[in-house]
Amino acid sequence: MASTSTTSPTSASGWAQALAGQGTAFGTFALLPCTAAAEAVAATGFDFVLVDQQHGLAGSDALVPLLQALHAGGTAPVVRVPANDPAWIGKALDSGADAVVVPMVESAQEAERAVRACRYPPHGTRSYGPTRAALLRGWGIRRLEDTACLVMIETAAGVAQADAIAATKGVDGIFVGPTDLAISLGLGPDVSPGYPAHEQAVQHVLAACQRAGITAGIQTSTAADAAHRAEQGFRIISARSELALLRSAARDLLHGMRSGA
């Protein structure tokens, strides 16, 4: 691993174990600016919940309450920032995220930019003002830097640079974005898992992570797909989102009600 990362005392230990290569962390996405939903999902036992500021509906004002709810629910709070921007990355870490996930990384230079945004000088460019993070970790720089930096590979260009990205000092893991990757490969967003060209790209990223000794992560859509990815060697695996779970349960309930009427 490029660095050692641990979670806060209230976070699920599965997240830290996965980053250390000693287990698999299973999680889901939080798309809604609803703290009750975030806390309920966290309390089910997920190892992490990823607050999605890239595509989710939670703005900056909702971030801290969501992270507080995830801590209360006993899971590791992770944030996918909107872009590879030091301002967004610093804000997420100062708000108390255990890790940031940086989207659309396509080169070692872009990976290094993400890492430097997570670290203070002389190793990075992060501005000091830990706010809520200090309540969780204290005011010491080394403790505040004890968070994980994961970058996303979700384009053909990123796959081509996977080894260089994985070898970037300070990158703790690579998270594969399968839908954007499928679109980048010209396959469309609904490509099924295992499609040859798509699977080859996914396996290329996994192998790059294994060669570099860092953690590989991926988004999945079903429990069976998640189990399959775990068998392949992915150690951080998310499935669906609280919004998708709500809609799915609502559809099933309505279908059952109408079928039985």
Side-chain angles (χ1 to χ4, degrees), residues 1-5 15-25 27 48 50 54 78-81 83-86 88-89 99-119 123-126 145 147-187 189 191 193-220 225-226 228-238:
M1 280 182 62
S3 65
T4 301
S5 302
W15 173 258
Q17 291 171 353
L19 284 172
Q22 300 171 352
T24 304
F48 69 96
L50 193 153
Q54 184 187 22
V78 181
V79 176
R80 176 161 71 176
V81 293
N84 192 356
D85 186 316
W88 283 108
I89 293 171
V100 291
V101 176
V102 181
M104 292 291 182
V105 169
E106 296 185 327
S107 69
Q109 290 76 19
E110 292 178 8
E112 183 180 8
R113 174 180 171 86
V115 170
R116 289 181 61 80
C118 295
R119 309 289 178 240
H123 304 296
T125 59
R126 181 177 170 186
E145 289 183 328
T147 54
C149 177
L150 287 83
V151 300
M152 293 194 73
I153 288 183
E154 43 193 336
T155 65
V159 172
Q161 295 297 316
D163 279 298
I165 293 170
T168 302
K169 184 178 180 180
V171 170
D172 294 291
I174 294 176
F175 200 96
V176 177
T179 302
D180 275 317
L181 178 57
I183 294 172
S184 176
L185 294 171
L187 304 174
V191 63
Y195 188 88
H198 188 268
E199 187 63 21
Q200 182 179 6
V202 170
Q203 292 302 314
H204 182 75
V205 176
L206 174 60
C209 290
Q210 292 172 336
R211 283 190 289 268
I214 64 173
T215 304
I218 194 169
Q219 167 73 358
T220 63
D225 187 22
H228 176 60
R229 294 304 188 189
E231 290 176 357
Q232 290 180 332
F234 285 94
R235 291 293 167 254
I236 295 175
I237 302 172
S238 63

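All residue numbers in this chain count up from 1 along the given sequence.
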Can you measure from [atom1] ([X]) to [atom2] ([Y]) and round to the nearest 0.5 angstrom?
{"X": "Ile165", "Y": "Ile174", "atom1": "CD1", "atom2": "CD1", "answer": "6.0 Å"}
{"X": "Ser238", "Y": "Arg80", "atom1": "OG", "atom2": "CZ", "answer": "8.5 Å"}
{"X": "Gln17", "Y": "Thr24", "atom1": "CD", "atom2": "OG1", "answer": "10.0 Å"}
{"X": "Ile236", "Y": "Ile218", "atom1": "CD1", "atom2": "CD1", "answer": "12.0 Å"}
{"X": "Tyr195", "Y": "Leu185", "atom1": "OH", "atom2": "CG", "answer": "10.0 Å"}
{"X": "Thr179", "Y": "Glu154", "atom1": "OG1", "atom2": "CD", "answer": "9.0 Å"}

Heavy-atom distance under 4.5 Å between the side chains of [X] and [Y], does that happen here?
{"X": "Val159", "Y": "Ile153", "answer": "yes"}
{"X": "Val115", "Y": "Lys169", "answer": "no"}
{"X": "Val81", "Y": "Pro103", "answer": "yes"}
{"X": "Arg113", "Y": "Val105", "answer": "no"}
{"X": "Arg119", "Y": "Thr147", "answer": "yes"}
{"X": "Arg116", "Y": "Pro86", "answer": "no"}
{"X": "Val100", "Y": "Cys118", "answer": "yes"}

Considering all heavy atoms, the nearest [X]-[Y] contact:
{"X": "Ile183", "Y": "Pro189", "value": "CG1-N, 3.8 Å"}
{"X": "Ala114", "Y": "Val102", "value": "CB-CG2, 3.9 Å"}
{"X": "Ala111", "Y": "Val171", "value": "CB-CG2, 4.1 Å"}
{"X": "Trp15", "Y": "Ala99", "value": "CZ2-CB, 3.5 Å"}
{"X": "Gly170", "Y": "Cys149", "value": "O-CB, 4.0 Å"}
{"X": "Ala148", "Y": "Leu19", "value": "CB-CD1, 3.7 Å"}

Short question: side chain of [X], backbone of [Y] - any donor-acceptor pair under 3.5 Å?
{"X": "Thr168", "Y": "Glu112", "answer": "no"}
{"X": "Asp172", "Y": "Leu150", "answer": "no"}
{"X": "Asn84", "Y": "Glu110", "answer": "yes"}

Quiz item: For residues 196-209, which residue pairs qualify under side-chain hydrogen bond (donor to acceptor under 3.5 Å, both in side chains), counting only residues two or more places apart or in two chains?
Solution: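 Every side-chain hydrogen bond (donor to acceptor under 3.5 Å, both in side chains) pair that includes a residue of residues 196-209, provided the two are not neighbours, is Glu199-Gln203, Glu199-Arg229, Glu199-Gln232, Gln203-Gln232.
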Quiz item: Would Met104 and Asp180 count as a side chain to side chain contact (heavy atoms under 4.5 Å, CB included) if you check the C-alpha gap in whole Å, the side-chain angles of each, and the deciding distance to 0.1 Å?
Solution: CA-CA 9 Å; Met104 292 291 182; Asp180 275 317; 3.6 Å; yes
Quiz prompt | Candidate pair Phe234 and Thr220, rule side chain to side chain contact (heavy atoms under 4.5 Å, CB included), full reasoning | solution = CA-CA 11 Å; Phe234 285 94; Thr220 63; over 6 Å; no
